[in-house]
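Remember, it's 1-based here, ligands and their atoms both numbered in the order they're listed.
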Amino acid sequence: MTVLEILQVGHPLLRKVATHVTPEELKNTKTQRFIDNLIETMRHANGAGLAATQVGIPLRICVIEVNQNPRYPYKPNIPLTVLVNPILTPIGHETFQNYEGCLSVPNLRGIVPRYGRLKVAAVDRNGTPISEEVSGFKAGTYQHEVDHLNGQLFIDRVKDPKTFATWQEYERHHKDEFVKYAQTVIQRFET
Ligand code: NI
């Protein structure tokens, strides 16, 4: 397996809308090897997720995994999930505030409103349909990754630019308050 280079904000390929993956393309050894490398790259960088567009491949594939993530210690765990051609549909209008960061946006976090509940339709790496409902921080992570497949970054969605913080200043000035708020999000959507 190979750790791929993660493109950084400003790279035009991050702004490309990724294309639908056909069943033949998904079965291809090259695509399967690419998915392995995407997982490896996400784990290597301690990401909660990684989209194909972030490594310059314009296909609608993203991987998500949260396992006691050091970047986001308040996030509940998510088992390894590969989403191919994901479609997200909000359930209701309820939103929460997510203090997001991104492997393609070095040393910056900002508050983004995200839907609290979603219906997810996709296929997994074997082409098996996925149909599930996700909520809370998990729903936030899904929305962040699918945004990447549409050429969007979390910085596009930050409503108040005053919430931008480096990771150090987040830790120093915003973490305690956000971790407290995160508990209310978990209670509201995930219990
Ligand atoms: Ni990202």
Side-chain angles (χ1 to χ4, degrees), residues 3-19 21 34-88 90 95-116 118 120 122 134 136-161 163-171 174-175 178 182 185:
V3 172
L4 306 167
E5 186 193 340
I6 299 173
L7 305 183
Q8 301 293 285
V9 59
H11 197 299
L13 287 181
L14 282 173
R15 297 309 194 166
K16 246 187 112 152
V17 177
T19 55
V21 183
F34 169 69
I35 292 171
D36 289 335
N37 291 340
L38 200 59
I39 294 166
E40 181 80 354
T41 306
M42 167 181 68
R43 287 178 173 164
H44 182 259
N46 282 326
L50 190 65
T53 40
Q54 288 181 274
V55 294
I57 303 294
L59 291 176
R60 300 192 80 78
I61 300 174
C62 60
V63 296
I64 293 167
E65 183 179 48
V66 177
N67 184 14
Q68 319 266 318
N69 189 294
R71 280 164 61 88
Y72 308 98
Y74 53 83
K75 279 194 184 185
N77 288 345
I78 305 173
L80 177 64
T81 306
V82 178
L83 297 176
V84 180
N85 300 328
I87 295 168
L88 306 181
T95 59
F96 69 99
Q97 305 298 317
N98 203 13
Y99 224 130
E100 298 193 12
C102 179
L103 296 173
S104 293
V105 183
N107 199 18
L108 198 66
R109 292 179 73 136
I111 293 183
V112 181
R114 294 293 189 186
Y115 288 108
L118 299 174
V120 183
V134 296
F137 286 107
K138 185 173 181 179
T141 303
Y142 276 47
Q143 286 163 88
H144 178 113
E145 296 314 323
V146 172
D147 272 356
H148 276 301
L149 301 181
N150 294 325
Q152 284 201 294
L153 299 174
F154 82 89
I155 49 177
D156 310 351
R157 291 195 183 271
V158 168
K159 288 272 184 285
D160 179 1
T163 66
F164 279 127
T166 65
W167 283 69
Q168 192 185 26
E169 299 306 333
Y170 164 80
E171 295 274 337
H174 305 283
K175 186 176 92 178
F178 188 69
V185 172

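With Arg60 as the fixed residue, the side-chain hydrogen bond (donor to acceptor under 3.5 Å, both in side chains) test singles out one of Thr19, Thr53, Asn85, Asn150: Asn150.
With hydrogens and angles left out, the side-chain atoms of Gln8 and Ser104 include no donor and acceptor closer than 3.5 Å. Between the side chains of His174 and Glu169, no donor-acceptor pair is found at a separation under 3.5 Å.
Around the Ni ion (ligand 1), the protein atoms of type N, O or S that sit closer than 2.8 Å are Cys102 SG, His144 NE2, His148 NE2.
Annotation: ring pair (Phe, Tyr, Trp, His ring centres under 6.0 Å) contacts of Phe96 (sequence neighbours excluded): Phe137, Phe189.
Residues Phe34 and Leu4 are in side-chain contact: their nearest non-hydrogen atoms beyond the backbone lie under 4.5 Å apart.
Phe178 does not carry Lys175 over the face of its six-membered ring by the limits of under 6.0 Å from the centre and within 45° of the normal.
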